[in-house]
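Hydrogens, waters and symmetry mates are skipped; everything else that's a heavy atom, side chains included, is used. Order of appearance sets the numbers: ligands from 1, and atoms from 1 within every ligand.
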Amino acid sequence: MSSVSSVGPRDATAFEVREALALPGCAVCRLSLRSVSRLIGSIAYEQVNDLGLRQQLRRGGGFCNAHAHQWLEEARSVLGTALIYRDVLNTALNEIDVNAVGPQRRRLRGLLGGGQTDVRCPACDAQADAEERYLLALVAVVSVEPQRLENSDGLCRRHTLAVARLGGPNAEPIVNRTRTVLAQMLADLDEVIRKEDYRFREEPRTDSERSVPTRAVTWAAGARGLVDI
Ligand SMILES: [Zn+2]
Ligand SMILES: [Zn+2]
């Protein structure tokens with residue numbers, strides 16, 4: 001009892017990882033999404049006047065689709081939204097003027113996109129930074145405290161593959177934990193499919209069988225709100 005948390009990395013990131021490993025779902029998804037939410041909150045409350053950030057948003061056409069809608073739901077900043085998107089709309093108006101004189105083309109494919117897309121959404125940046133930071137912290141934590149994995153849900157597909165690519169002896173227990181969780185999910189899915197058959201439909205379902213469709217989708221796609229970048 002006494003030594004579990006006294007070894008291993010002690011910084012705040014490692015502490016967050018330990019906490020998240022004890023909660024349902026992929027710890028890296030959970031912590032990365034929290035970082036994105038915090039960024040959105042801090043843009044709304046302080047950083048609307050950060051010139052570098054405003055330029056990034058202006059040149060990138062605002063937040064990406066997923067984060068733009070997250071901004072609307074979470075930021076709740078009328079002034080911040082007005083300031084940021086006045087810039088974005090003005091910039092877009094200039095782009096439309098420039099592109100309006102282009103030669104006529106028949107096919108839509110190839111016409112979509114092609115804006116100033118090498119500027120990434122700042123919330124996507126925050127997600128990418130957080131994913132890397134928490135993945136590395138998680139590997140460091142479980143290398144000295146492997147018991148942290150025992151009751152965890154393992155990582156989602158995206159983050160398990162990232163750990164597998166990272167490789168090394170410290171990646172192995174994490175990948176193995178995910179394998180165990182997947183085997184259990186597959187067994188539950190088999191039971192769900194069997195009990196959908198009219199002959200077995202009356203058999204009671206376990207909590208685990210009731211939740212497995214959602215868990216399987218979430219495992220494969222990552223937690224809700226995580227962006228593919
Ligand atoms: Zn994940
Ligand atoms: Zn984004």
Between Gln127 (side chain only) and Leu226 (backbone N and O only), is there a donor and an acceptor less than 3.5 Å apart?
no
Roughly how far apart are Cys156 SG and Leu161 CG, rounded to 0.5 Å?
8.5 Å
Out of Gln56, Gln55, Arg58, which residue meets the side-chain contact (heavy atoms from CB on, under 4.5 Å) rule with Val119?
Gln56
Checking Leu21 against Val142 for the side-chain contact (heavy atoms from CB on, under 4.5 Å) test, could you report, in this order, the C-alpha distance in whole Å, the side-chain angles of both residues, the deciding distance, and whether it holds?
CA-CA 10 Å; Leu21 278 171; Val142 301; 4.0 Å; yes
Taking Arg30 first and then Glu131, would you say they form a salt bridge - that is, a charged N and a carboxylate O separated by under 4.0 Å?
no
His67, N/O/S atom nearest the Zn ion (ligand 2)
ND1
Are there any protein N/O/S atoms under 2.8 Å from the Zn ion (ligand 1), and if so, which?
Cys26 SG, Cys29 SG, Cys156 SG, His159 ND1
By side-chain hydrogen bond (donor to acceptor under 3.5 Å, both in side chains), which residues pair with Ser42, not counting sequence neighbours?
Gln47
Inspect the contact between Arg18 and Glu145 and indicate whether a charged nitrogen and a carboxylate oxygen are less than 4.0 angstrom apart.
yes
Where the Zn ion (ligand 2) is the vertex, angle from Cys121 SG to Cys64 SG to 10°
120°
